[in-house]
Structure formats: structure tokens, C-alpha cells
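In what follows, a single structure is set out as C-alpha cells and then discussed.
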Protein chains: 2
Amino acid sequence: MAPRTVSLSRERVVAAAVELLDTAGEGGLTFRALAAHLKTGAGAIYWHVSDKNDLLVAATDAVLTPAMATPAADDTPEAALRAIALGVFDAIDAHPWAGTQLAMAATQPAMLRFFESIGRQVQALGVPAGAQFTAASAVLQHILGVGGQNAATARAFAGGTSRTEHLATTADVWAGLDPGDYPFTRAVAEQLRDHDDREQFLAGIDLILAGIVTLRRIAGPAG
Amino acid sequence: MAPRTVSLSRERVVAAAVELLDTAGEGGLTFRALAAHLKTGAGAIYWHVSDKNDLLVAATDAVLTPAMATPAADDTPEAALRAIALGVFDAIDAHPWAGTQLAMAATQPAMLRFFESIGRQVQALGVPAGAQFTAASAVLQHILGVGGQNAATARAFAGGTSRTEHLATTADVWAGLDPGDYPFTRAVAEQLRDHDDREQFLAGIDLILAGIVTLRRIAGPAG
DNA sequence: ACCTGAACACCGTTCAAGT
DNA sequence: ACCTGAACACCGTTCAAGT
């Protein structure tokens with residue numbers, strides 16, 4: 001006879017953690033809540049994960065691994081890099097807690113796969129061997145930085161105010177800054193009002209790609 | 001008669017928090033430890049800060065504000081941007097907990113000043129008005145991303161292993177990856193071994209600057 | 001081998017009571 | 001106005017005891 005409740009497993013624990021993080025936010029993941037959700041005791045979870053950090057790393061990996069775009073053979077390296085970057089961006093957009101985790105842990109398993117994938121496209125761009133590491137790191141760091149920022153923004157909204165509402169409020173603050181102290185920020189306040197995170201993110205990636213292409217002849221020892 | 005113990009103030013509370021964060025790490029800042037350090041009760045601190053987040057934001061601001069480089073009048077915009085970026089980098093290097101905080105909070109007061117300062121140099125580079133916001137954001141995001149990464153790395157060392165030791169271990173792991181799955185990462189493993197965080201950070205900034213200069217004619221509506 | 005759930009050693013935050 | 005410190009409602013983690 002099949003058991004009425006499926007027995008515990010690392011997979012089920014991690015899946016429940018993802019669900020809890022998505023619905024209740026970063027503060028909602030506690031061992032007690034997780035145990036209640038899995039209809040077991042708090043200590044049972046420790047049989048499958050070593051501690052909370054292990055659980056967080058596994059949950060982040062679980063949502064990022066499927067987000068990894070596999071570039072088509074006929075994509076240009078630029079297009080492939082944009083696809084990879086957007087995959088991570090959208091995954092973090094859907095799971096902000098993963099952005100926090102990502103910005104903090106370079107040792108994430110998913111990170112290595114992203115780095116590898118980015119590096120291959122950097123090679124395809126014709127960057128000399130001596131400069132490939134630097135170029136790939138810059139791209140990865142940009143992705144992580146924006147991810148962290150987005151996660152912070154998402155957390156700021158947990159309290160109900162909507163995204164556009166918040167942008168409008170911030171734009172108002174910027175527009176009201178002292179023109180003597182903050183001429184630049186004041187000047188771009190209106191651009192913030194109809195600002196699109198995704199678009200902005202892609203523009204940053206394009207800036208780095210343009211820099212890589214421009215510097216590829218002079219940046220490193222011949223490869 | 002002067003009081004033997006100076007009375008509490010927001011400044012003293014924040015300064016003690018910085019000291020605790022620097023010496024005991026992010027986990028070392030508790031209201032009880034802070035109260036003991038200030039020879040007072042835990043609740044007294046709440047008269048001067050509204051909660052722990054407020055305290056963390058204030059502490060981050062306290063270490064970042066003096067880190068803000070003021071570019072000389074005869075600096076090129078590129079040199080000025082590098083100086084600003086390095087100032088933040090070094091501050092986070094000295095106070096890793098601030099990097100965690102920075103990567104998470106775009107609302108930090110210090111952030112606005114950095115953004116303004118970066119934006120002015122972007123203007124000085126001749127970027128058209130329509131593209132200045134994007135360019136300045138890309139630079140700021142890169143700084144924050146690297147800051148977050150560095151903070152994570154620093155935290156990983158809390159356990160005693162030294163910086164170079166850790167780099168060597170990671171390089172070994174990379175060098176031992178399956179060549180079929182991770183050709184790029186394997187290939188750059190040796191570059192990781194004598195990798196300098198600061199140098200790498202500057203190279204990333206230079207990549208973005210090169211991209212900005214390359215795209216400045218085509219990136220936005222005429223300014 | 002895996003699960004239970006009480007117990008331990010902590011947290012941030014509040015609040016009546018003091019000065 | 002400012003400080004005290006016990007109390008409250010939580011945490012992550014451990015561990016004897018069960019199956």
C-alpha cells in the first residue's frame with residue numbers, strides 16, 4: 001500500500017523551502033514553518049540538509065539551474081551573452097531572495113556554470129586569452145550586482161507600495177534635491193520615472209560588451 | 001564636574017556598532033553586545049536608533065561617506081571615475097559588512113552621493129543626455145556588484161584560511177574540472193592563482209568606460 | 001536509517017518603572 | 001528626556017528517545 005504521505009527527501013525539503021521563500025519572503029523561511037509545511041518535526045529537516053545556509057544555497061541553485069539559457073549554435077556571441085544574462089535576470093526577478101543569495105555567494109554551484117557559459121562566449125568574441133578571465137568576470141559581476149539591487153528593491157516593496165508608485169516617489173525625491181549639491185541626479189530624475197529595470201540591465205550588458213570588443217586588440221598578451 | 005562616562009548619543013551608538021562589526025563581523029552586532037560595550041541596557045539603544053536596520057544603514061553610511069573621493073579639477077573624467085570607484089572598493093575591503101549592506105540597499109544615503117559624483121564624470125565624458133542615466137547606473141552597479149562579491153569572499157575567510165590559500169584551493173578545483181563540461185573555466189584556472197581583486201575591479205571599470213566612450217555617439221538622443 | 005519534539009542558547013524588540 | 005533591565009515572542013540547532 002502506498003504511503004499516504006511521501007517520505008522526506010532532500011529534494012522535497014528544498015522544494016518546500018523554495019515555495020516558502022517565494023510566498024513568504026526571506027524572513028518566512030524558518031525551520032519551524034518548514035517543518036509544519038512538511039508535516040514533520042523541526043529536527044527531521046537536519047537529516048537532509050546540514051544547516052540553514054546549505055538549504056539556502058540549494059534553494060538558489062534549484063531556481064537558477066533551469067534559468068540557464070543554452071545559446072543556439074547560430075547565435076552571435078553578443079546575442080548569446082544577452083540571453084544568458086537575461087535568463088539570470090528573469091530568474092532573480094521571479095525569486096528575489098535568490099538575488100540576495102547570489103550577490104553574497106560566489107561559491108554557488110550555479111555560478112560556476114554561468115561563468116563557464118559566459119567565458120565561452122567571450123572566447124567566441126575573439127578576446128585574447130590573457131584578457132578573457134577579466135572580461136568574463138566583469139560580465140558576471142554586472143549580472144550579480146544588478147541581481148542584488150533588484151532583490152533589495154523587491155524587498156522594499158514587500159510593504160505594499162507598487163513598483164511604479166515607488167519609482168514615482170523616488171523620482172520626486174530626486175527632482176526635489178538641492179540643484180547645487182545634486183545637479184546630475186536632479187537632471188536624470190525624469191528618466192527614472194519611466195525606467196525599465198530589464199531594459200536598463202541589458203543596456204549595462206551592452207556597455208560592457210562594447211568595451212570588451214573595443215579593447216580586445218590591446219587588452220592582453222596575444223592568445 | 002565632567003561625567004565619568006559620556007552620555008549616549010546616536011553618534012556614539014553608531015561608532016560602537018562600526019567597531020563591533022569590524023572586530024566581530026556581521027554576526028557580532030547584537031543589541032546585547034552593543035549594550036554591554038556601551039555599558040548600558042539593551043533597550044537604551046532604541047532611544048537613538050529605530051531598529052537594527054536603521055543602525056546598519058547608519059554604520060554603512062559612516063564608513064562610506066569619508067571614502068568618497070573628491071576628484072581634482074584637472075583629473076580626466078576617466079581618472080576621476082577610477083578614483084571614486086577605488087574609494088568605495090577600498091572602504092568595502094576594510095569593512096566587508098558594508099559591502100553586504102550596500103549590495104542590498106539602493107536607498108543608502110551614501111549611494112545618492114556616489115551616483116551624483118559618478119554622473120558628473122559621465123557628463124564630463126561627453127555622453128549625450130539621454131544615455132547618461134544608463135551609463136552612470138552601469139558604473140554604480142558594477143561597483144556594488146564587486147562590493148557584494150568581496151564581502152562574500154571576506155566572510156568565507158572568517159574561518160581562518162588565508163586569501164591566497166583560498167585562491168589556490170579554488171584554482172585547484174577549477175583546474176580539476178571535467179574538460180568536456182568546463183573548458184573555459186579550466187583554461188583560466190591559472191589566471192585565478194595570481195589574481196588581484198583590486199586590479200580585476202579596475203579592469204572591469206575600464207571595460208565599462210571603454211564601452212561608454214565607444215557608444216557615446218550613438219547611444220542616446222542628442223543632448 | 002530516519003523521524004520526533006522538547007530543550008538550549010540565543011535573537012530583536014517592547015515596556016513598565018525608574019532618574 | 002533619557003536610561004534600565006526584565007519579559008515576550010521568536011530564532012537555529014541539538015539530542016535523547018522513538019520507529
Side-chain angles (χ1 to χ4, degrees), chain A residues 1-60 97 100-101 104-105 152 155-156 158-159, chain B residues 1-60 97 100-101 104-105 152 155-156 158-159:
Chain A
M1 196 191 279
R4 184 158 341 165
T5 54
V6 189
S7 73
L8 229 47
S9 69
R10 187 171 226 266
E11 270 175 30
R12 279 194 70 226
V13 168
V14 172
V18 169
E19 199 177 319
L20 217 49
L21 284 162
D22 281 344
T23 56
E26 300 178 55
L29 179 65
T30 71
F31 279 81
R32 281 166 181 82
L34 199 54
H37 196 269
L38 291 164
K39 293 189 199 316
T40 180
I45 295 161
Y46 281 88
W47 190 263
H48 299 98
V49 300
S50 54
D51 54 20
K52 189 169 185 178
N53 186 59
D54 181 33
L55 182 57
L56 230 31
V57 168
T60 302
W97 50 270
T100 311
Q101 192 58 23
M104 301 199 315
R155 199 172 324 123
Chain B
M1 197 192 280
R4 183 160 340 165
T5 55
V6 190
S7 74
L8 230 48
S9 68
R10 186 171 226 265
E11 271 175 29
R12 281 193 68 226
V13 168
V14 172
V18 168
E19 199 178 319
L20 217 50
L21 285 162
D22 281 344
T23 56
E26 300 177 58
L29 179 65
T30 70
F31 278 81
R32 281 166 181 80
L34 199 53
H37 197 271
L38 291 165
K39 294 188 200 315
T40 181
I45 295 161
Y46 281 88
W47 189 263
H48 298 98
V49 300
S50 54
D51 55 20
K52 190 169 186 180
N53 187 61
D54 180 34
L55 182 58
L56 230 33
V57 168
T60 301
W97 48 270
T100 311
Q101 191 60 24
M104 300 199 314
R155 198 172 325 122

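Basis for what follows: all heavy atoms, side chains included, without hydrogens, waters or symmetry-related copies. Order of the sequence lines sets the chain letters (A, B, ...), proteins ahead of strands, with each chain counted from 1. Nothing here was measured: the structure is a model prediction, and the numbers come from that model.
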Identify the heavy atoms of [X] and [Y] that sit nearest to each other, and give their distance.
X	Y	result
B/Y46	B/D51	CE2-CA, 4.2 Å
A/E19	A/H37	OE2-NE2, 3.5 Å
A/L34	A/A17	CD1-N, 3.7 Å
A/A35	A/I45	N-CD1, 3.7 Å
B/A59	B/L21	CB-CD1, 4.1 Å

Whether each nucleotide of nucleotides 8-19 of chain C has a protein heavy atom under 4.0 Å at its base (B), only at its sugar-phosphate (S) or at neither (-) is summarised, 5' to 3', as ---BBBB-----
CG-OG distance between A/L38 and A/S9, expressed to the nearest 0.5 angstrom: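 Taking CG in A/L38 and OG in A/S9, the distance rounds to 9.0 Å.
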Calculate, to the nearest 0.5 Å, the distance between atoms CG and NE2 belonging to B/D54 and B/H48 respectively.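 Interatomic distance, B/D54 CG to B/H48 NE2, rounded to 0.5 Å: 12.0 Å.
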When you look for runs of 3 or more Watson-Crick or G-U pairs in a row, both distances below 3.5 Å, which of them include DNA chain C?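 Paired runs of 3+ in DNA chain C: C:4-8 with D:12-16, C:12-16 with D:4-8.
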What's the CZ-P distance between B/R12 and D/dC2, to the nearest Å?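 Rounding to the nearest Å, CZ of B/R12 and P of D/dC2 are 14 Å apart.
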Atom-to-atom span, CD of B/E11 to C1' of D/dC2 - whole angstrom: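 Distance check: B/E11 CD to D/dC2 C1' gives 17 Å.
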Determine whether a donor-acceptor pair (N or O, by modelled atom type, separation under 3.5 Å) exists between the side chain of B/K52 and the backbone of B/L29.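 The answer is yes, because a donor-acceptor pair under 3.5 Å joins these two groups.
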Report yes if a side-chain nitrogen or oxygen of A/W47 is closer than 4.0 Å to either non-bridging phosphate oxygen (OP1 or OP2) of C/dC2; otherwise report no.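 Checking C/dC2 against A/W47, a side-chain N or O does come within under 4.0 Å of OP1 or OP2.
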